Structures are given as structure tokens and as C-alpha cells.
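Below is one structure; the comments refer to it alone.
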Amino acid sequence: MNLLLTVLGAVLCSFMVSSEVMPQGDFNLQAMAGKWYLIGFATNAQWFVNRKASMKMGTTMLAPTADGDLDMSYSSLSADGSCWRMNNLAKKTDVPGKFTYTSERWGNENDMRIVDVKYDEYALAHTIKTKKGDPTVVNKLYGRGEDLSADLLEKFRQFSLESGILPENIAFLPKNAECPPA
């Protein structure tokens, strides 16, 4: 019973932290446009725990729409040479830097916030993914190039820990060749 209460308390704390995470105050949608490398990935989700050892760096192309939404196209080269691709259209909200979208591939609702960004260097995204009423936090660290400073990697690690993610579930993805354009 004590273990159950401890786990429940930790889960509730992580939800409370996540619900308070706000996007960067001076968010500029147009400056997010272009190519980003997925460098850091952190979540306690079981699928990630099972697959993190085989995950590699991929690229995300972000394209703001005329309506203020964000078209997101992700690709990653698989070990067999095939490309894994995923596209989502993140809808703007009343809060700049906060978007919502439904993943058709995974069937989950996503509440994404760009919490820290230096547009020519890095972006830190915090997403609460909800499937069948079960929320999961996912943090991603993007870079304009394949390498970021040790300070930025540590900033991401600390933010992920504060979001309730276990230290062993914070990964910095190894470099990978890129997929050819679709």
C-alpha cells in the first residue's frame, strides 16, 4: 500500500509540474520554420523504454501555415535503409507557442509547448500525450545542427527530471544519416 501511495504521489506531482509548463513568452512562429535535428528525447513511456537503445537522430521540418498552425514532418533513417516518416499539423491555441494535435498514427491527443528556444540554435518542446485518458510527458530537444553544447544538453536533462522523467529515460540520440527528401 505504501508503494502504491508513493507511486501515485510521484505520478500526481509529475502531472502538476507538466500542467504548469508554459511556452516561451516571446514566441515567434515564423522563426521556427526550417530544419531541426532531434537530439534529445525523454519520456517514461513504455514504448520508449523498450526502443530507446535503437533510436537514432532524425530530422524535423517545421513549416508555419497562413493560419498560424505548424506543419511538422519528421523522418529518420532506419538500420535497414528505409525511412520512417510521420507528419502532423499542430493547431495554434490562444497561447503563443502552445499547439494541439491528434496523431493519426498513434491515436493520441497532444498538447505541445515550445518552452525554450533560441531560433538559430535550439528548441525545447514539452508535450503531454494523452491516449485513453492516460497522459504521458515527452520532452524533445532540437538543434539547428547535429551538435549542441554540453550546457544545453544539461539544461534539457534538468528540465526533463523536473518534468518527472526518470534519469534512465533521458536519451541523447546518436547521429544518423538523413532520409532523402520525400
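Heavy-atom basis, side chains included; hydrogens, waters and symmetry copies ignored. In this text, all values refer to a predicted model and were calculated from it rather than measured experimentally. Along the sequence shown, residues are numbered consecutively beginning with 1.
- A salt bridge is absent between Lys92 and Asp69; no separation between the charged side-chain nitrogens and carboxylate oxygens falls under 4.0 Å.
- A continuous path of hydrophobic side-chain contacts links Val137 to Val21 [ILVMFWY only; heavy atoms under 4.5 Å].
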Lys98 vs Asp111, side-chain contact (heavy atoms from CB on, under 4.5 Å): CA-CA, chis, key distance, verdict: CA-CA 7 Å; Lys98 181 178 176 185; Asp111 177 338; 3.3 Å; yes

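- By the criterion of side-chain heavy atoms lying less than 4.5 angstrom apart, applied directly or through intervening Ile, Leu, Val, Met, Phe, Trp or Tyr residues, Met86 is grouped together with Tyr101 in one hydrophobic cluster.
- Distance check, rounded to the nearest 0.5 Å: OG1 of Thr59 to CH2 of Trp36 gives 13.0 Å.
- Between Leu29 and Gly68, the shortest heavy-atom distance links the atoms CD2-O, 3.4 Å.
- Side-chain contact between Leu148 and Leu141 is present, with at least one heavy-atom pair separated by less than 4.5 Å.
- Annotation for Trp47 and Met55: closest pair CZ3-SD, 4.2 Å, computed over non-hydrogen atoms.
- Between Gln24 and Asp26, the side chains place a donor N or O and an acceptor N or O closer than 3.5 Å (distance only, hydrogens not considered).
- Heavy-atom minimum distance, Val115 versus Phe159: CG2-CZ, 3.9 Å.
- The OG atom of Ser163 sits 11.0 Å away from atom CD of Gln158, with the distance rounded to the nearest 0.5 Å.
- The side-chain hydrogen bond (donor to acceptor under 3.5 Å, both in side chains) test with Asn139 is passed by exactly one of His126, Glu162, Arg157: His126.
- Checking Ser82 against Asp80 by side-chain atom types alone, a donor-acceptor pair falls below 3.5 Å.
- Side chains of Cys83 and Pro180 form a contact here, defined as non-hydrogen atoms less than 4.5 Å apart.
- With hydrogens and angles left out, the side-chain atoms of Asp116 and Tyr122 include a donor and acceptor closer than 3.5 Å.
- Of all heavy-atom pairs spanning Lys175 and Lys56, the tightest one is O-CD, 4.4 Å.
- Taken from OG in Ser149 to CD in Glu121, the straight-line distance is 6.0 Å, to the nearest 0.5 Å.
- Taking the side chain as every heavy atom from C-beta outward, Arg85 and Ser73 never approach each other to under 4.5 Å.
- Between the Thr130 side chain and the Gly133 main chain, no donor and acceptor come within less than 3.5 Å of each other.
- Phe172 and Phe48 end up in the same hydrophobic cluster when Ile, Leu, Val, Met, Phe, Trp and Tyr side chains are linked at under 4.5 Å.
- Thr43 places a side-chain heavy atom less than 4.5 Å from the side chain of Thr136.
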Step-by-step side-chain contact (heavy atoms from CB on, under 4.5 Å) determination, Met112 to Met72: CA-CA 12 Å; Met112 179 181 76; Met72 305 181 300; 3.7 Å; yes

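- Between the side chain of Lys131 and the main chain of Trp106, a donor-acceptor pair closer than 3.5 Å is present.
- Taking CG of Leu152 as the reference point, atom CG of Leu124 lies at 9.0 Å (rounded to 0.5 Å).
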Residues Glu168, Ile170; criterion side-chain contact (heavy atoms from CB on, under 4.5 Å); working and verdict: CA-CA 6 Å; Glu168 61 269 23; Ile170 301 169; over 6 Å; no

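- Both tests pass for Arg105 against the ring of Trp84: distance under 6.0 Å to the centre and angle within 45° of the axis.
- Asn44 and Val49 make their closest contact through O-CG2, 4.2 Å (heavy atoms, listed as atom of the first residue, atom of the second, distance).
- Hydrophobic clustering (ILVMFWY, side-chain heavy atoms < 4.5 Å, transitive): Ile39 and Leu77 are in distinct clusters.
- Checking side-chain atoms of Tyr119 against main-chain N and O of Asn28 turns up a donor-acceptor pair under 3.5 Å.
- Residue Met32 holds its CE atom at 9.5 Å from OG1 of Thr60, rounded to the nearest 0.5 Å.
- Phe41 contributes atom CZ, which lies 9.0 Å from atom CD1 of Ile165 (distance to the nearest 0.5 angstrom).
- A donor-acceptor pair shorter than 3.5 Å cannot be found between the side chains of Lys129 and Asn108.
- In the hydrophobic cluster analysis, where Ile, Leu, Val, Met, Phe, Trp and Tyr join through side-chain heavy atoms closer than 4.5 angstrom, Leu166 is grouped apart from Leu153.
- Asn87 and Tyr74 get closest at one heavy-atom pair: OD1-N, 4.4 Å.
- Counting only N and O atoms by type, the side chains of Glu109 and Thr102 include a donor and acceptor under 3.5 Å apart.
- Residue-environment remark: CD (Glu104) stays at or below the threshold of 12 foreign heavy atoms within 6.0 Å.
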